Amino acid sequence: MRDLDITEVARRSGVPASTLRFYEEKGLIASIGRRGLRRLFEPGVLERLALIALGRAAGFSLEEIALMFAPDGRPRIDRQLLVAKAEQLDRTIRELSAMRDGLRHAAACRAPSHMECPNFRRLLRAAASGAMGPRRKRG
């Protein structure tokens, strides 16, 4: 397959050209030259962009994704990092499931007011303690 200009990479990958330029700036992808004013990429950039998209969908930061590539550009995925991310996702799923269940209960609760509902009060205490919702960074 021939080299692809940035417009073709954007069309095939669904990644906007501005994001491709940003990824290049961050060292996630590399152009191999120019055709006129347009950057050129090797066809393998499409697979690399797919791996980046998969990493982003799994919740990895761009910095974490960058570490998943060897200097020669081949994938070098740390399995322990994958296990840690899977465990983090399990925690998030449990928290979101509890929140979903609490919201469904609050919507159907027959108590005169939500503040009189023991389940809703338990949900409030959990939220106040930081047990649900986004984690607060310490320090």
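Quick note: numbers below take in every heavy atom, side chains included, and nothing from hydrogens, waters or symmetry partners. Since the structure is predicted, the reported quantities are computational estimates derived from the model, not experimental observations.
- Contact check for Phe69 versus Leu51: side-chain heavy atoms found under the 4.5 Å cut-off.
- A search for salt bridge (charged side-chain N to carboxylate O under 4.0 Å, His left out) contacts involving Arg35 returns Asp5, not counting sequence neighbours.
- Contact detail for Leu46 and Ser13: the closest heavy-atom pair is CD2-CB, 4.1 Å.
- Not counting sequence neighbours, the partners of Arg74 by the salt bridge (charged side-chain N to carboxylate O under 4.0 Å, His left out) test are Asp72.
- No chain of hydrophobic side-chain contacts below 4.5 Å, direct or via other Ile, Leu, Val, Met, Phe, Trp or Tyr residues, connects Leu54 to Leu62.
- Residues passing the side chain to side chain contact (heavy atoms under 4.5 Å, CB included) test with Glu87 are Val83, Arg91, sequence neighbours excluded.
- For residues 53-65, no pair satisfies salt bridge (charged side-chain N to carboxylate O under 4.0 Å, His left out), with sequence neighbours left out.
- Members clustered with Leu37: none, using a 4.5 Å side-chain heavy-atom cutoff among hydrophobic residues.
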Between Leu20 and Ile29, does the side chain to side chain contact (heavy atoms under 4.5 Å, CB included) criterion hold? Intermediate values first, please.
CA-CA 8 Å; Leu20 294 173; Ile29 61 174; 4.0 Å; yes
Show your working on side chain to side chain contact (heavy atoms under 4.5 Å, CB included) between Leu67 and Asp78 and close with a plain yes or no.
CA-CA 8 Å; Leu67 296 173; Asp78 179 346; over 6 Å; no
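- Considering only residues two or more places apart in sequence or on other chains, Ala53 meets the side chain to side chain contact (heavy atoms under 4.5 Å, CB included) condition with none of them.
- Lys26 meets the side-chain hydrogen bond (donor to acceptor under 3.5 Å, both in side chains) test with no other residue; sequence neighbours excluded.
- Not counting sequence neighbours, the partners of Pro16 by the side chain to side chain contact (heavy atoms under 4.5 Å, CB included) test are Ser18, Thr19.
- In this structure, CZ on Arg94 lies 11.0 Å from CG on Leu96, to the nearest 0.5 angstrom.
- Note: Ile93 CD1 to Arg100 CZ = 10.5 Å, rounded to the nearest 0.5 Å.
- Rounding to the nearest 0.5 angstrom, the gap separating the CZ atom in Phe22 from the CG atom in Leu28 is 8.0 Å.
- A salt bridge (charged side-chain N to carboxylate O under 4.0 Å, His left out) check over residues 101-130, counting only residues at least two apart or in different chains, returns nothing.
- Under the side chain to side chain contact (heavy atoms under 4.5 Å, CB included) criterion, Arg39 pairs with Ile6, Arg21, Glu24, Ser31, Arg34, Phe41, not counting sequence neighbours.
- A single hydrophobic cluster is seen to contain both Leu81 and Ile77, as judged by linkage of ILVMFWY side chains at heavy-atom distances under 4.5 Å, directly or through other members.
- For Glu42, the CD atom counts as loosely surrounded, since its 6.0 Å shell holds 12 or fewer non-hydrogen atoms of other residues, nucleotides or ligands.
- Residues Ile32 make up the rest of the hydrophobic cluster containing Leu40, defined by ILVMFWY side-chain heavy atoms closer than 4.5 Å, directly or through other members.
- Within the model, atoms CZ of Arg48 and OH of Tyr23 stand 11.5 Å from one another, a figure rounded to the nearest 0.5 Å.
- Looking at heavy atoms from C-beta onward, Arg12 lies in side-chain contact with Leu4 at the 4.5 angstrom threshold.
- Pairs engaging residues 97-124 under the ring pair (Phe, Tyr, Trp, His ring centres under 6.0 Å) rule: His114-Phe120 [sequence neighbours left out].
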